[in-house]
Amino acid sequence: MVSISEDEHDDNVPLIKSLKELTSEPRSTGNPTAPKLEYPSASRIVRAGPNLDADGKPRYLIDEIPDNEKMRLIRESDIMNKYAKDKNNGTGSDVEEEDILQYEDEEERIPTWMDALIYTVALTAVYGLFEALVNQQYNVEVGFMEVLERMAKSAPAIYCIVFLTCRYRRMRVVNLLMLMASCASGCYFIHLNLHSPRLGIMRRAPGLVTLWIYLTFLMDVRPSIISAIVVGLFWMLDPFKADI
């Protein structure tokens, strides 16, 4: 216990007396000098969280608002007019009108003819590459100008196919036709490599490969996988092997 000495000539005598009163043990008789702490009763303790109904379910502040007042606030906030029902496709999903217009504007930003022109340039280069590779495979000499001439002849047909498929590719019928054409071109290319003479492969293989690559690239993932599986099964089974 800390002992505090007291001097008569010390100016801090009142302070020392106060410290003694605070540090001294409480007496058994008389009122204690320290204040008595009062603990709140259970009824005065405020429970954290929402209030509870009679059935024990939480009751929030919004539940205190009447239903007619809620509807009035909703109508005045104009929140219902920000969303429109997509009734055209019958999905019933809520789509924001501004997002629909923005999406349509982004789609129409590049014209179809320009998109088809870009595809045509790339596919014409692919056609010329396979034209040179097929001739190189059978040791047939072909000049650079001859390959360019064949590429120029095939460009209009490639452009027509690309333009039509790009313009109507969102239609289900067009997607089905593209899947059928992809499977047919891939299977016919396999058939040419297995059973056709050299001249038939040289004339038809570049166009078939170019068409197959383009349709597989343009379709969605699932139709592309179906086309690859069909062509792979055709190559493994080889249904025309009896005609050899």
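In this chain, numbering begins with 1 at the start of the sequence shown. Source: prediction; values computed, not measured. No hydrogens, no waters, no symmetry mates; every other heavy atom, side chains included, goes into these values.
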Visitor: Would you find a donor on one side and an acceptor on the other, under 3.5 Å apart, between the side chain of Asn175 and the backbone of Met171?
Guide: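 The answer is yes, because a donor-acceptor pair under 3.5 Å joins these two groups.
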Visitor: If hydrophobic clusters are built by linking Ile, Leu, Val, Met, Phe, Trp and Tyr wherever their side-chain heavy atoms come under 4.5 Å apart, do Phe217 and Leu215 end up in the same one?
Guide: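 Hydrophobic grouping puts Phe217 with Leu215.
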Visitor: Count I, L, V, M, F, W, Y as connected when their side-chain heavy atoms are under 4.5 Å apart, and connections chain through other members. Are Val230 and Leu177 then in the same cluster?
Guide: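 No, Val230 and Leu177 fall in different hydrophobic clusters.
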Visitor: With the 4.5 Å side-chain cut-off for hydrophobic clustering, are Leu179 and Ile229 part of the same group?
Guide: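 No, it is not one cluster - the side chains of Leu179 and Ile229 are not joined through contacts under 4.5 Å.
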Visitor: Between His191 and Phe234, what is the ring plane arrangement, given parallel below 30°, perpendicular above 60°, and tilted in between?
Guide: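 If you compare the ring of His191 with that of Phe234, the planes turn out perpendicular.
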Visitor: Whether the side chain of Ser196 engages the backbone of Asn193 through a donor-acceptor N/O pair (distance < 3.5 Å, no angle test) should be reported.
Guide: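 No.
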Visitor: Under 3.5 Å, which donor-acceptor pairs link side chains of residues 200-210 to any protein atom two or more places apart or in another chain?
Guide:
| unit_1 | atom_1 | unit_2 | atom_2 | d |
| --- | --- | --- | --- | --- |
| Arg204 | NH1 | Tyr188 | OH | 3.4 |
| Thr210 | OG1 | Pro206 | O | 2.7 |

Visitor: Report all side-chain donor-acceptor pairs from residues 134-148 shorter than 3.5 Å, counting only partners two or more places apart or in another chain.
Guide:
| unit_1 | atom_1 | unit_2 | atom_2 | d |
| --- | --- | --- | --- | --- |
| Asn135 | ND2 | Glu131 | O | 2.5 |
| Glu146 | OE2 | Arg150 | NH2 | 2.7 |

Visitor: Decide whether Ile225 and Met236 are clustered together by the hydrophobic rule: side chain heavy atoms of Ile, Leu, Val, Met, Phe, Trp, Tyr closer than 4.5 Å, transitively.
Guide: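 Shared cluster, no.
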Visitor: Roughly how far, to the nearest 0.5 Å, is the CZ atom of Phe189 from the CZ atom of Phe130?
Guide: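 The CZ atom of Phe189 is 7.0 Å from CZ of Phe130, to the nearest 0.5 Å.
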Visitor: What donor-acceptor contacts under 3.5 angstrom involve side-chain atoms of residues 161-169, with partners at least two apart or in another chain?
Guide:
| unit_1 | atom_1 | unit_2 | atom_2 | d |
| --- | --- | --- | --- | --- |
| Thr165 | OG1 | Ile161 | O | 2.8 |
| Thr165 | OG1 | Val162 | O | 3.0 |
| Thr165 | OG1 | Tyr214 | OH | 2.5 |

Visitor: If I take atom CE from residue Met151 and atom CD1 from residue Ile158, how far apart are they, to the nearest 0.5 angstrom?
Guide: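 Rounded to the nearest 0.5 Å, the CE-CD1 separation comes out at 8.5 Å.
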Visitor: Measure across Cys187 and Val231 and return the closest heavy-atom pair with its distance rounded to 0.1 Å.
Guide: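 Taking every non-hydrogen atom into account, N-CG2, 4.0 Å.
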Visitor: Looking at CG of Leu194 and CH2 of Trp235, how far apart are the two atoms once the value is rounded to the nearest 0.5 Å?
Guide: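 CH2 of Trp235 is found 9.0 Å from CG of Leu194.
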Visitor: Between Leu211 and Ser185, what is the shortest heavy-atom contact and its length?
Guide: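 Reported closest heavy-atom pair: CD2-CB, 4.2 Å.
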Visitor: Do Ile226 and Val174 share a hydrophobic cluster (ILVMFWY, side-chain heavy atoms under 4.5 Å, transitive)?
Guide: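 Yes, Ile226 and Val174 fall within the same hydrophobic cluster.
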Visitor: Which pair of non-hydrogen atoms, one from Ser182 and one from Ser227, has the smallest distance, and what is that distance?
Guide: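 Shortest heavy-atom contact: OG-OG, 2.7 Å.
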Visitor: Which pair of non-hydrogen atoms, one from Gly186 and one from Trp212, has the smallest distance, and what is that distance?
Guide: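 Shortest heavy-atom separation between Gly186 and Trp212 comes out as CA-CD2, 3.8 Å.
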Visitor: Could you pull out the closest heavy-atom pair between Ser224 and Thr216, with the gap in Å?
Guide: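 Closest approach of Ser224 to Thr216: OG-O, 2.8 Å.
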Visitor: Could you tell me whether a side-chain N or O of Thr124 sits under 3.5 Å from a main-chain N or O of Thr120, the two making a donor and an acceptor?
Guide: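 Yes; at least one donor-acceptor contact below 3.5 Å.
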